[in-house]
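Encoded as structure tokens, the structure appears first; notes follow it.
Lettering follows sequence order; numbering is per chain, from 1. The figures that follow rest on heavy atoms only: side chains count, while hydrogens, waters and symmetry mates do not. If you're wondering where the values come from, they're calculated on a predicted model, not measured in any experiment.
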Amino acid sequence: MPRTNFEVAAALHELADLLQINGGDRFRTLAYRRAGDAVRGLGRDVSTMTGAELNAVHGIGKATAGKVMELLQSGTIALLEELRAKYPAGVLEMTRLSGLGPKKALALHDALGVGTLEELEVALKAGRLRDLKGFGAKSEENLLRALATHSREERRILLGDALVVAEEMLEGLRTIPGVERASYAGSLRRMRDTIGDLDLLAAAFNPREVVEAFGGLPNIGRVLGAGPTKCSVLTRNGLQVDLRVVAPEEFGSALQYFTGSKAHNVKVREHAVRSGLKLSEYGLFRAGERIAGSTEEEVYGALGMQTPPAPMREDRGEVELALRGALPSLVSVGDLRGDLQSHSVYSDGRRTIREMALAAAAKGYEYFAITDHGRNLSIVRNLSLEDIERQRAEVKALNEELAGRIVVLHGLEANIGMEGELDYADEVLAGFDVVVASLHHQLRGEREVMTRRVLRAIENPHVHVLGHPTGRMMPRRPGSDLDMEAVCRAALAHGVALEINANPRRLDLKDDHAFLARQMGCLFAISTDAHSPRELDLMRFGVATAQRGWVEAKDVVNTWPLEKLRRFLAKSPVSS
DNA sequence: GCCGTTTTCGGCCCGACTGTTTTCAGTCG
């Protein structure tokens, strides 16, 4: 039975797609698609919601709420089944081909009886499309190519990898004569955990020359296409990059447009229309006259709203808040005073505690926790009871040596066992300054089982932080199926902070979960889980994920001064 | 189907490109 937000959203999107093929009212189609987006970005678990609660969500009306309830209770939607019976799955799949939308896919189905990708290929090769109205030799060629590329599975790359490439390319772009400003846009600027392709934007008066010079930058593998103001290229490692060059007075509106998300843009443009204005990538216009465009702040300002930070732009209510001047003040990298998860040579880290501490001090941190693995994580070197004593002495000596520069906290990353038990007896756990409890093995259990394990760990009075809560590891390992609302409730009740692990392969809590936890009033720790000094720099990815969840600095325990953090670690009341 | 500092009815974002046409529908982002 479907229960995850992802599955419900997928069903609504499929319903929208099939209705579109069916040729119904296109706004009805749009409504289901928006409702699907709303479910996906819900933050809370849709299967725990009542019909009335669903109906209260913006973009979900009475009819859609009814369909979702039907899906949750019966396992499917009658209308969806009806449409599935009417159109072979292949028709829907055909619309995934680049250049083939619902209208043409249906035309192929009706005129030629084509109902699968294989049948389409046969028809194409037999030249049966050529004489069909609306198709020609060119469509034939394009569809054959689309079929060939379709079989390669969709590739998205990790945020961390994409950002490195983007910054490299921006650096190159800025050296091109005539380029006044340049930025990356799209899902990368919104800091999504994975990125499809890179969108770059430049401001210049000589777009043609810029486009040409861009194609010659060192890390470009192949130019896919180029026009007077834009081009698409493949980098040497196969990432597609789209560059668009605009006039400087259009840069802000273009950046706003290309940053998205699409849903955010639609919402903003609707507001513009209601205000008698027109917003496009070329600027904000009143009666054909540009009234804003050179910066995003100018554009949003002229619309009477605050500028939402890019990670918030997912149409989760940020437009409404920005219009009321009520955007939250999101946590930023500069707010952090320390890192609460890291590893040394005592477990699977690559450097000594001293080396790690010095690197943390160089970042300007006030405190820093070393949290090597406990003894039940047998796949890596871990802490024996003797190790713990040696480590404690080492930390004490280090704190004397580094007094005034940084405070080292003696921590542990405890492993959550099959029954929620941790590595050591209570009196051993009590000896650490900070205990992070994390799942590392047997992550694929049933939701009830996994949730029970995590809840037991949270209830342990010596645990301060729940580390990388779901254990996901992108791109392959999806993470445990947890009742995240129950986890948040327990964390709140027991004074446990939820980690937002900043490693780009984890980003766990992920954005949606952080959004939910923030709504429920939870506390967070944003930690790098660094295994080397360099990995301390990963912090910005954790912060970006927190921002996507609308997390504020006051909710993040490692933005607090050491004294306040110590009260939290002592499980004493923390005044704000 | 959804929604409301113009609206409980009548609207629903904007522009570019492509391939097929001969003025435009479909697709995409």
| message | Please confirm whether the shortest side-chain N or O distance from A/T64 to OP1 or OP2 of B/dC2 is below 4.0 Å. | response | yes

| query | Judged by atom type as modelled, is there a donor-acceptor pair below 3.5 Å linking the side chain of A/D199 to the main-chain atoms of A/A185? | reply | no

| query | Atom CG of A/N265 and atom C1' of B/dG15: how far apart are they, to the nearest Å? | reply | 13 Å

| said: My understanding is that a pair needs two contacts under 3.5 Å, Watson-Crick or G-U wobble. By that rule, which nucleotide pairs with B/dT8? | reply: none

| field | Set of side chain to side chain contact (heavy atoms under 4.5 Å, CB included) partners for A/R26, sequence neighbours left out | value | none

| message | I'd like to know if the side chain of A/H271 reaches the main chain of A/L303, judged simply by a donor and an acceptor atom lying under 3.5 Å from each other, with no hydrogens or angles considered. | response | yes

| field | N-O pairing of A/E167 and A/R540 below 4.0 Å | value | yes

| said: At a heavy-atom distance below 4.0 Å, what parts of residues 282-309 of chain A sit against DNA chain B? | reply: A/Y282

| Expressed in whole Å, how much space separates the C1' atoms belonging to B/dC9 and B/dC14? | 25 Å

| request: Could I get the full list of salt bridge (charged side-chain N to carboxylate O under 4.0 Å, His left out) partners for A/D511, not counting sequence neighbours? | output: A/R548

| Reckon A/N142 has a side-chain N or O less than 4.0 Å from the OP1 or OP2 of B/dG19? | yes

| A/R34 CZ to B/dC3 C1', straight-line distance once rounded to whole Å | 10 Å

| task | Report the residue (A/E270 or A/S139) whose heavy-atom-nearest nucleotide on DNA chain B is the more 5′ of the two. | result | A/E270

| field | Atom C1', compared across B/dC17 and B/dC12: separation rounded to whole Å | value | 24 Å

| said: Taking side chain to side chain contact (heavy atoms under 4.5 Å, CB included) as the definition, give me every residue that meets it alongside A/N503, ordered by chain and number, with sequence neighbours left out. | reply: A/N501, A/R505, A/R506, A/L538

| remark: Each nucleotide of nucleotides 6-11 of chain B classed B (base within 4.0 Å of a protein heavy atom), S (only sugar-phosphate) or -, in 5' to 3' order, makes B-----

| query | What are the two closest non-hydrogen atoms of A/A292 and A/E298, and how far apart are they? | reply | CA-OE2, 3.0 Å

| query | Is any side-chain nitrogen or oxygen of A/S280 closer than 4.0 Å to OP1 or OP2 of B/dC13? | reply | no

| remark: Rounded to whole Å, the CZ-C1' distance (A/R28 to B/dG1) equals 7 Å

| request: Among A/L71, A/L19, A/L18, find the residue that satisfies the side-chain contact (heavy atoms from CB on, under 4.5 Å) test when tested with A/L80. | output: A/L18

| Contacts of A/D161 that satisfy side chain to side chain contact (heavy atoms under 4.5 Å, CB included) - sequence neighbours left out | A/I157, A/L158

| query | How is A/G260 classified with respect to the nucleic acid when contacts are heavy atoms under 4.0 Å: base, sugar-phosphate, or nothing? | reply | nothing

| Could you give the CG-to-P distance, from A/L30 to B/dC2, as a whole number of Å? | 11 Å

| query | How far, in whole Å, is B/dA25 from B/dT21 if one measures between their P atoms? | reply | 13 Å

Taking distance alone, no hydrogens or angles, what donor-acceptor pairs closer than 3.5 Å link side-chain atoms of residues 112-121 of chain A to residues at least two apart or in another chain?
| from | atom 1 | to | atom 2 | distance (Å) |
| --- | --- | --- | --- | --- |
| A/T116 | OG1 | A/E118 | N | 3.4 |
| A/T116 | OG1 | A/E119 | N | 3.0 |
| A/E119 | OE1 | A/G115 | N | 2.7 |
| A/E121 | OE2 | A/K125 | NZ | 2.9 |

| said: With rounding to the closest Å, how many angstrom separate the P atoms on B/dT18 and B/dT8? | reply: 43 Å

| Span that lies between the P atom of B/dT23 and that of B/dA16, in whole angstrom | 23 Å

| field | Sequence-aligned protein contact record of nucleotides 24-29 of chain B, with B where the base is within under 4.0 Å of a protein heavy atom and S where only the sugar-phosphate is | value | --SSSB

| Ring of A/F27 versus six-membered ring of B/dC12: centres under 5.5 Å and planes under 30°? | yes

| task | Check DNA chain B against residues 181-194 of chain A and give the residues with a non-hydrogen atom under 4.0 Å, in numerical order. | result | none

| request: Applying side chain to side chain donor-acceptor pair (under 3.5 Å), name anything that partners A/S280, two or more places apart in sequence or on another chain. | output: none

| With a 4.0 Å cut-off on heavy atoms, is A/A65 in touch with a base, just the backbone sugar-phosphate, or nothing at all? | nothing

| field | Sugar-phosphate, base or nothing in reach of A/K267, heavy atoms under 4.0 Å | value | nothing

| query | Could you give the distance from CH2 (A/W550) to CD (A/Q547), rounded to the nearest 0.5 Å? | reply | 13.0 Å

| note | Applying side chain to side chain donor-acceptor pair (under 3.5 Å) to A/K86 and not counting sequence neighbours gives A/N22

| query | For the pair made of NZ in A/K278 and P in B/dC14, what is the distance, rounded to whole Å? | reply | 8 Å

| task | Specify the separation, in whole Å, of atom CG of A/L15 and atom P of B/dC2. | result | 11 Å

| Should we count CD of A/E320 as having more than 12 external heavy atoms under 6.0 Å? | yes

| remark: In whole angstroms, the gap separating C1' of B/dC17 from CG of A/D242 amounts to 14 Å

| field | Nucleotide B/dT20, atom P - distance to CG of A/L129 in whole Å | value | 11 Å

| Given the P atoms of B/dG26 and B/dT20, what is the spacing between them in whole Å? | 14 Å

| said: Enumerate the salt bridge (Lys or Arg N to Asp or Glu O under 4.0 Å) contacts for residues 65-79 of chain A, please, sequence neighbours excluded, ordered by first and then second residue. | reply: none

| query | How do A/A63 and A/K138 order along DNA chain B: which one's closest nucleotide is nearer the 5' end? | reply | A/A63

| query | When rounded to the nearest Å, what value does the distance between C1' atoms of B/dG15 and B/dT7 take? | reply | 27 Å

| request: Would you mind classifying the nucleic acid contact of A/Y32 as base, sugar-phosphate or nothing, using non-hydrogen atoms under 4.0 angstrom? | output: sugar-phosphate

| query | Among B/dG19, B/dC3, B/dC13, which is the nearest nucleotide to the side chain of A/V266? | reply | B/dC13

| said: Between the side chains of A/R84 and A/E14, is the shortest nitrogen-to-carboxylate-oxygen separation below 4.0 Å, so that they form an ion pair? | reply: yes

